[in-house]
Amino acid sequence: MRTLWQHCHAATMAYGSYSTIEDAAIVTNAGLIEWIGPRTDLPTLEIARTVDLNGAWVTPGLIDCHTHAVFGGNRSGEFEQRLQGVSYAEIAAQGGGIASTVRATRAASEDELFVSARQRVQALMRDGVTTIEIKSGYGLDLANERKMLRVARRLADELPLAVRATCLAAHALPPEYAGRPDDYIAHICDEMLPALAEEGLVDAVDAFCEHLAFSPAQVERLFIKARELSLPVKLHAEQLSSLHGSSLAARYQALSADHLEFMTEEDAIAMAQAGTVAVLLPGAFYFLRETQLPPMDALRRHNVKIALASDLNPGTSPGLSLRLMLNMGCTLFRMTPEEALAGVTVHAATALGMGDSHGSLETGKVADFVAWQIERPADLAYWLGGDLPKRVVRKGNEISN
Ligand code: DI6
Ligand code: FE
């Protein structure tokens, strides 16, 4: 059904800027944007339905391009312990940290994981999120990584939401492989990844490149396997130290390198040349009370595309609001509200390999957008969370939220 949406302004986010259209009109048809422009230029079309948006600001549907939304249990108990003075090392020695989430995730059924993840994903959706990425990485064996990835697929089936599923089997070393990280990487490459890819559960491959996780050499073996399987790669890099994982990611044409607080100018140059998006995660920076800022000036100087995401996970970023991340991107990382909004729309789409179809309001793209009753686009980064009045449209249909 051809629908005309009017009485609105649009921040189209094409080209990574607001690219504002005042008094805009949007025509949707068969789930796509058939036309968008100033209302006065609207061509003659047979319109079946007209929707008055009451002067709203229309943006692309928001995209959370880095989440670990599927997991068992949570770690609020550890959070409380830490604030009572128990050290992270003591908590880890008691079996806490990622290991505790792995145990809880392995113990949970697929249905239990689905129900708890759905709640968290619905919280994200209340901020106008229409696309998310979900990583595995708390199963760490074939059956449990499969269980997590199947939940990601089910969420896409049952919610009005596009989901990209990323295999993060190389997130941490499972207890069965203690002291044998190379053997675990070989197991991922030889058994897990081929099986999960064959089952159609994997859209991209990710790893955690860090002293306390996997080395660049180990990550590279995984990337070679991903290339063999024609799967794009991403990388958690430079979160706690500089191992130049982001340069390695760029060498493998990664969709994105994520975190990046400790990246260097050379890393930025490599990423710019490869078109690898920098995904910044201010929720984890905040929650860990980190002090090393990502090098915004180098990223800007070399025109690296910058995305922003929640990193929703139980250990380092229990963040259920992408709009709160917009605010933190501005207050903590000194992004402008315009950069922040581009970071959860057009650049986030590129970080998921969806840049041709999502992330901006342009003819031919999927009709995912949000009509916000706000004064100006900067309101989206200005308010500290909370609910803003809005209407959310997914594939041309208004969804309730
Ligand atoms: N970086 C992080 O901050 C999280 N994973 C990662 O690769 C930590 C995940 C957790 O603590 O559960
Ligand atoms: Fe992460």
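Throughout, residue positions are numbered sequentially from 1 according to the sequence presented. Counting starts at 1 for both ligands and their atoms, following the listed order.
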(request) Among all protein heavy atoms, pick out the one at the shortest distance from atom 1 (N) of ligand 1; state its residue, atom name and that distance to 0.1 Å. (result) Q239 OE1, 3.0 Å

(message) So does K395 get a backbone contact from the side chain of D368, meaning a donor-acceptor N/O pair under 3.5 Å?
(response) yes

(message) Would the distance check show the side chain of D127 and the main-chain N or O of L124 forming a donor-acceptor pair, the cut-off being under 3.5 Å?
(response) no

(request) Answer yes or no: does an N/O atom from T101 fall short of 3.5 Å to an N/O atom of ligand 1? (result) no

(request) Find the distance between CG (N313) and CZ (F287) and round it off to the nearest 0.5 Å. (result) 9.0 Å

(message) Given 3.5 Å as the limit, does a donor-acceptor pair link the side chain of D64 with the main chain of S310, or not?
(response) yes

(message) At less than 2.8 Å, would any N/O/S atom of D258, backbone or side chain, sit next to the Fe ion (ligand 2)?
(response) no

(message) With no hydrogens and no angle check, just 3.5 Å: does a side-chain donor-acceptor pair link K234 and S256?
(response) yes

(request) Could you pull out the closest heavy-atom pair between A207 and L235, with the gap in Å? (result) O-CD1, 3.3 Å

(request) Would you mind listing which atoms of ligand 1 come within a distance below 4.0 Å of any non-hydrogen atom of H236? (result) 1 (N), 6 (C), 7 (O)

(request) Could you tell me which atoms of ligand 1, counted from 1 in the order shown, lie closer than 4.0 angstrom to a heavy atom of H259? (result) 1 (N)

(request) Just go through F214, F71, Y138 and tell me whose heavy atom is the nearest to atom 9 (C) of ligand 1. (result) Y138

(message) Only N/O/S atoms count here: what is the atom of H236 closest to the Fe ion (ligand 2) called?
(response) NE2

(request) For H66 and H236, test the side chains for any donor-to-acceptor distance below 3.5 angstrom and give the result as yes or no. (result) yes

(message) At less than 2.8 Å, would any N/O/S atom of H259, backbone or side chain, sit next to the Fe ion (ligand 2)?
(response) no

(message) Give me the residue, atom name and distance of the protein heavy atom closest to atom 3 (O) of ligand 1.
(response) T316 OG1, 2.8 Å

(message) Going by the closest heavy atom to atom 6 (C) of ligand 1, which one wins out of H171, H66, E210, R75?
(response) H171

(message) Given the Fe ion (ligand 2) as the apex, I'd like the angle to NE2 of H66 and OD1 of D311, rounded to 10 degrees.
(response) 80°

(request) Using modelled atom types only, decide if a donor and an acceptor are shared between the side chain of R301 and the backbone of E265 within a distance under 3.5 Å. (result) no

